[in-house]
Amino acid sequence: MLLTVALLFTVFSLICERSLGQVSLRNGTALNTRAFVKQDCDGVKTYICDSCVSRRPCVGVQEINVSIPCATGSYCTTLTAGDRCGPIPSDECISSTASKPFTCTSLGVFPDPNNCNVYHVCLAAKDNSNVYKCAPGYVFDIASVGCIRQVLPTTCVTVRCAVGSPAYVLYGNSRQYYVICDGQNLPTQVMRCPNGSFFTFFSTTLPYGECVYSCTGQGNYPNSNNPISYFQCYISNGRLVYTEVDCPKNTVFNSTLRYCVLST
């Protein structure tokens with residue numbers, strides 16, 4: 001009897017994984033695959049959650065080793081009679097997406113990839129960011145680099161990473177802000193291309209790319225992300241190209257003089 005039940009659930013799980021899994025990837029659903037403290041079958045529950053977004057069937061006190069994913073946008077919630085999938089995540093899952101400081105790679109103000117109600121301020125590279133929260137009813141806006149009143153749902157911008165597919169993802173409609181998705185966890189920070197640069201994918205089929213600087217003329221130009229380097233623009237083979245150059249040790253680039261000077 002138990003073997004028959006297990007086989008039925010295995011077939012059902014494979015069908016669900018193909019259909020629901022494809023919907024999840026197609027919609028770019030962001031899931032957190034952190035370790036989940038799973039409960040045991042107690043003889044009462046028919047299902048138990050084995051992650052924030054999936055559950056396993058129980059036959060008495062025996063757990064069937066088949067993970068059934070919830071539908072896209074649903075979360076597994078712990079209940080008395082049996083754990084179910086629904087629109088509201090458990091407190092444990094919500095706390096896992098709380099905004100936390102990240103290690104700054106450059107100076108400035110950055111949006112949070114998962115929560116549009118907060119933003120990060122970086123005062124020094126390699127330091128932790130300072131987390132700020134917008135007023136109730138307000139969301140962070142990269143155009144104004146501040147909080148604006150949320151009039152439409154689309155005003156709230158977050159990043160969705162596809163499960164199982166590492167990729168670089170643009171932040172909203174921006175070409176300057178982007179996120180590195182590892183295919184397993186929620187993104188932790190938003191990256192920003194230097195001023196005058198735009199994130200460019202290597203091809204239309206590859207989800208990877210890099211920041212590309214656009215020279216406005218010949219000469220040296222500051223790197224807003226890194227004060228100890230600069231962009232050198234010059235003519236090569238009839239076109240304007242650039243290279244990123246590091247300043248000598250203990251110097252920083254001076255935007256007025258357009259060369260490196262002793263740091264103070």
Determine whether a donor-acceptor pair (N or O, by modelled atom type, separation under 3.5 Å) exists between the side chain of Q176 and the backbone of C193. yes

On a heavy-atom basis, the closest approach of P222 and F231 is O-CD1, 3.7 Å

Report the distance from atom OH of Y47 to atom CD1 of I68, rounding to the nearest 0.5 Å. 5.0 Å

Locate the shortest heavy-atom distance separating C215 from V241; write the atom from each residue and the value. SG-O, 3.7 Å

Heavy-atom closest contact (N195 atom, Y213 atom, distance): O-CE1, 3.4 Å

Could you tell me whether a side-chain N or O of Y138 sits under 3.5 Å from a main-chain N or O of Q150, the two making a donor and an acceptor? no

Point-to-point distance, once rounded to the nearest 0.5 Å, from SG of C122 to CG of N130: 8.0 Å

First locate atom SG of C247, then atom OH of Y230, and finally report the distance between them rounded to the nearest 0.5 Å. 6.5 Å

When rounded to the nearest 0.5 angstrom, what is the spacing between SG in C49 and CZ in R55? 8.0 Å

How close do V118 and V131 get, counting heavy atoms only, and between which atoms? CB-CG1, 4.3 Å

Once rounded to the nearest 0.5 Å, what's the spacing between atom CZ of R258 and atom CZ of F253? 7.0 Å

So which heavy atom on P69 is nearest to which on S54, and how close? CA-CB, 3.9 Å

